[in-house]
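Have a look at the structure below, then the notes.
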Number of protein chains: 2
Amino acid sequence: MSMTTDQLPARTATRERILAAAYDAIVEKGFEATSIEEIATAVKISRAGFFYHFPDKNALARALIERQIIEEGDMLAGIMSRAAQLSDDPLQQILIMMRLMAERYVELPGGYTGCILASTIFQDRLFDAEVRAANRKANLAFRDRFVAQFAAIATAYPPRDPIDPGEMADMLNAVITGAIVVSRGLREPQVLVRQVLLARQMVKAVFQHA
Amino acid sequence: MSMTTDQLPARTATRERILAAAYDAIVEKGFEATSIEEIATAVKISRAGFFYHFPDKNALARALIERQIIEEGDMLAGIMSRAAQLSDDPLQQILIMMRLMAERYVELPGGYTGCILASTIFQDRLFDAEVRAANRKANLAFRDRFVAQFAAIATAYPPRDPIDPGEMADMLNAVITGAIVVSRGLREPQVLVRQVLLARQMVKAVFQHA
DNA sequence: AGACAACTGTACCACGAGTCAAGCAATGTC
DNA sequence: GACATTGCTTGACTCGTGGTACAGTTGTCT
């Protein structure tokens, strides 16, 4: 029982390298367009070596989504706690958060969190039920993270027409995801940032209508 | 010179049937997941028959996008003219249009216009420059369609903070696209309709802040 | 010395994209 | 009536990729 703590590194190290290489390639070219061969070469292992770590490509997709949930969660948690430092008001917090998010998207020229998730959804018939479940889980995690925030805002700043906090949380998710798609479609990277800021402005208008 | 007018039908008829079959299959399962074999079978021709009409799968994607631009344009034009009948006020028109769009999405349980576009974007490295161009064109067409409308609204109802009409148009596009993605990801079809209505509410709040 | 983890190499199958030469049917021309 | 062209179709091929199976190799821990 003394070795269990140290036996992870070798295995997980390669696994992580596979995930990192796959992520880069997929973000650039899409899931289907990225071959296992290619990932294996990038990580300097053989094709069979890949299958040692992942039973099939679905498993890779699943792992990437799970990974994305964690990373996105960490990022949002960071932004949330930073916003909490800067203001006690729930509306101000959201506005700060959205600005921080926009700033993040300026920094990452072509990278954007959540993109892999979206890219897999449309083809998800290719995948098995577990991938779909993982994906659903990611979206629910996003919603849960913001529901309480919007509920607090709605209490402090009652909107003219009633607003469901869950729907508002989904709206944030939808705007970001949609902006990524439109941004890529238009080949105008700045669209993503502007859309987040515009959404921010709209959130402000909805709750701060006085 | 007497026969040139009549030689189209047979050819275009099969072509249209291919497009229709491909559309149905792709909306359901995604572009990559839909094989040419499958499309050919649905249209009752052979695989090679397909390649007579389209040089490759990229050409199919391109044709579908072009087709989508036209259909979406027709739909939006219909909704726009209907809204113009019901109100002279540009803001009211948009609000009516968004409600009509939401109603449309209630009717189509799983179908949504623009979905094919989005589904191809993430994998667009697979495709050639022409597909990307067609896709970009589709997004620009959407923007152009709404820019004037939002400009008129901003004049009649000056928002608290200045708003770019083009960005506002992109927002509409982004919300719908993003809502489709999130909707599918969550496996909650009603999300799409609710998001459109929520976006409507937000548009209202932004311009009608008095 | 032995066991196990983490691979490599190779040979194999299934299937989908795309190519090609040939075939058929209807329409036209001589 | 012979024949040629055109629109459309077919079946047989190649090739890349996912996935399987399995035997062998190397390094590390005990």
Side-chain angles (χ1 to χ4, degrees), chain A residues 1-22 25-26 28-64 120 123-128 130-131, chain B residues 1-19 21-22 25-26 28-64 119-120 123-128 130-131:
Chain A
M1 318 219 164
S2 55
M3 73 305 183
T4 46
T5 49
D6 265 36
Q7 89 186 167
L8 302 170
R11 172 167 209 159
T12 44
T14 307
R15 210 185 125 95
E16 285 306 313
R17 279 165 55 223
I18 292 174
L19 286 174
I26 291 170
E28 229 202 307
K29 307 189 305 182
F31 187 79
E32 288 302 308
T34 303
S35 69
I36 290 172
E37 172 97 52
E38 187 188 339
I39 297 169
T41 305
V43 184
K44 283 173 187 156
I45 59 174
S46 65
R47 232 165 59 81
F50 171 90
F51 286 106
Y52 176 78
H53 291 279
F54 298 95
D56 54 28
K57 234 186 165 190
N58 287 335
L60 175 66
R62 231 178 297 142
L64 281 168
T120 56
Q123 324 152 334
D124 65 0
R125 282 296 175 102
L126 281 174
F127 305 138
D128 51 29
E130 289 175 48
V131 174
Chain B
M1 316 215 167
S2 55
M3 72 305 182
T4 47
T5 49
D6 266 38
Q7 83 188 169
L8 302 170
R11 171 168 208 158
T12 45
T14 308
R15 210 185 124 95
E16 285 306 313
R17 278 166 54 223
I18 291 174
L19 286 174
I26 291 170
E28 227 202 309
K29 308 188 306 182
F31 187 78
E32 289 303 308
T34 303
S35 70
I36 290 172
E37 169 98 52
E38 188 187 337
I39 298 169
T41 306
V43 184
K44 283 173 189 159
I45 60 174
S46 66
R47 250 164 44 75
F50 170 90
F51 286 105
Y52 174 78
H53 293 278
F54 298 94
D56 53 27
K57 236 186 161 188
N58 287 335
L60 175 66
R62 231 178 297 141
L64 281 168
S119 84
T120 57
Q123 326 151 333
D124 66 359
R125 283 296 174 105
L126 281 174
F127 306 139
D128 52 29
E130 288 175 48
V131 173

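Letters A, B, ... are given to chains in the order of the sequence lines, protein chains preceding strands, and every chain is numbered from 1.
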Enter the distance from [X]:[atom1] to [Y]:[atom2] here, rounded to the nearest 0.5 Å.
| X | Y | atom1 | atom2 | value |
| --- | --- | --- | --- | --- |
| B/Ile18 | B/Tyr52 | CD1 | OH | 11.0 Å |
| A/Leu60 | A/His53 | CG | NE2 | 12.0 Å |
| B/Thr41 | B/Arg47 | OG1 | CZ | 10.0 Å |
| B/Asn58 | B/Glu130 | CG | CD | 9.0 Å |

Considering only side-chain heavy atoms of [X], which listed nucleotide, [options], is closest?
| X | options | answer |
| --- | --- | --- |
| B/Ile36 | D/dT10, D/dT9, C/dG18 | C/dG18 |
| A/Asp56 | C/dG9, D/dG19, C/dA17 | D/dG19 |
| A/Ile45 | C/dC7, C/dG18, D/dT10 | C/dC7 |
| A/Ser35 | C/dG18, D/dT9, D/dG18 | D/dG18 |

On DNA chain D, check which nucleotide each of A/Thr34 and A/Ala48 is closest to and give me the residue with the more 5' one.
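First, find each residue's nearest nucleotide; the 5'-ward one identifies A/Thr34.
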Interatomic distance where [atom1] belongs to [X] and [atom2] belongs to [N] [whole Å]:
| X | N | atom1 | atom2 | answer |
| --- | --- | --- | --- | --- |
| B/Phe51 | C/dG16 | CZ | P | 12 Å |
| A/Glu32 | C/dC15 | CD | C1' | 13 Å |
| A/Leu60 | D/dG18 | CG | P | 11 Å |

Over all strands shown, is B/Lys44 touching base, sugar-phosphate only, or nothing at heavy-atom distances under 4.0 angstrom?
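No contact at all - B/Lys44 keeps every heavy atom at 4.0 Å or more from the nucleic acid.
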Measure distances between side-chain N and O atoms of B/Arg47 and base N and O atoms of C/dG16, and say whether any donor-acceptor pair falls under 3.5 Å.
no
Would you say A/Tyr52 reaches C/dA6's phosphate, i.e. side-chain N/O to OP1/OP2 under 4.0 Å?
yes
D/dG7, OP1 or OP2 - any side-chain N/O from B/His53 closer than 4.0 Å?
no
